[in-house]
Amino acid sequence: MNSAAWRVETGDGSRFVVKASAASDAPGLAVAETLQERRFRAGGPVRMLVTEEGGLVALLRFVPGRPLTSADAEVVGETLGRAHSLLADVPAPAGLDHWPWRWLDSSLIEAAD
């Protein structure tokens, strides 16, 4: 949604993803790298480059999978919970948006607290 991505396969069959986005995505990729270090397959970066124009180009580890459906809600929640548990003792990288998100208009949330 906020980037362009391409799947790349090398001559030996290794697969990667090339992502082009804004440099502001770098903190999120740092989180993915931390998850990778903790043996959570998160598509962490192999290498990142911030361009002079403020763009980001990253070579990411490929994580196989399939498109999600609404039937996957429980496994998505479990997976996010596992990721958050692995990151509980990790300080947020500089520049990473976190709660309360500046872009969120909480008055639009109709769910109970």
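These numbers come from the heavy atoms of this one structure, side chains and all, not from hydrogens, waters or symmetry mates.
- Looking only at side-chain heavy atoms (C-beta outward), Met48 and Pro45 come within less than 4.5 Å of each other.
- Residue pairs meeting the side chain to side chain donor-acceptor pair (under 3.5 Å) criterion with at least one member in residues 33-45, sequence neighbours excluded: Arg38-Asp89.
- Using modelled atom types, no side-chain atom of Ser14 and backbone atom of Thr10 make a donor-acceptor pair closer than 3.5 Å.
- The salt bridge (charged side-chain N to carboxylate O under 4.0 Å, His left out) analysis of residues 2-19, with sequence neighbours excluded, yields the pairs Lys19-Asp25.
- Between Ala5 and Val17, the shortest heavy-atom distance links the atoms CB-CG1, 4.0 Å.
- Residues in residues 53-74 take part in these salt bridge (charged side-chain N to carboxylate O under 4.0 Å, His left out) pairs, two or more places apart or across chains: Arg66-Asp72.
- Val50 approaches Ala23 most closely through the heavy-atom pair CG1-CB, 3.9 Å.
- Note on Leu86: it clusters hydrophobically with Leu96, by side-chain heavy-atom contacts below 4.5 Å among ILVMFWY residues.
- Residues Leu56 and Leu49 form no side-chain contact, since every pair of their non-hydrogen atoms from C-beta on lies 4.5 Å or further apart.
- Closest of all the heavy-atom pairs between Ala94 and Pro27 is O-CG, 3.4 Å.
- A single hydrophobic cluster is seen to contain both Val8 and Val57, as judged by linkage of ILVMFWY side chains at heavy-atom distances under 4.5 Å, directly or through other members.
- Looking at Val46 and Leu60, their side chains never come closer than 4.5 Å, going by heavy atoms from C-beta outward.
- Remark: Leu59 CG to Trp6 CH2 distance equals 12.5 Å, nearest 0.5 Å.
- The CG atom of Leu29 sits 6.5 Å away from the OG atom of Ser21 when rounded to the nearest 0.5 Å.
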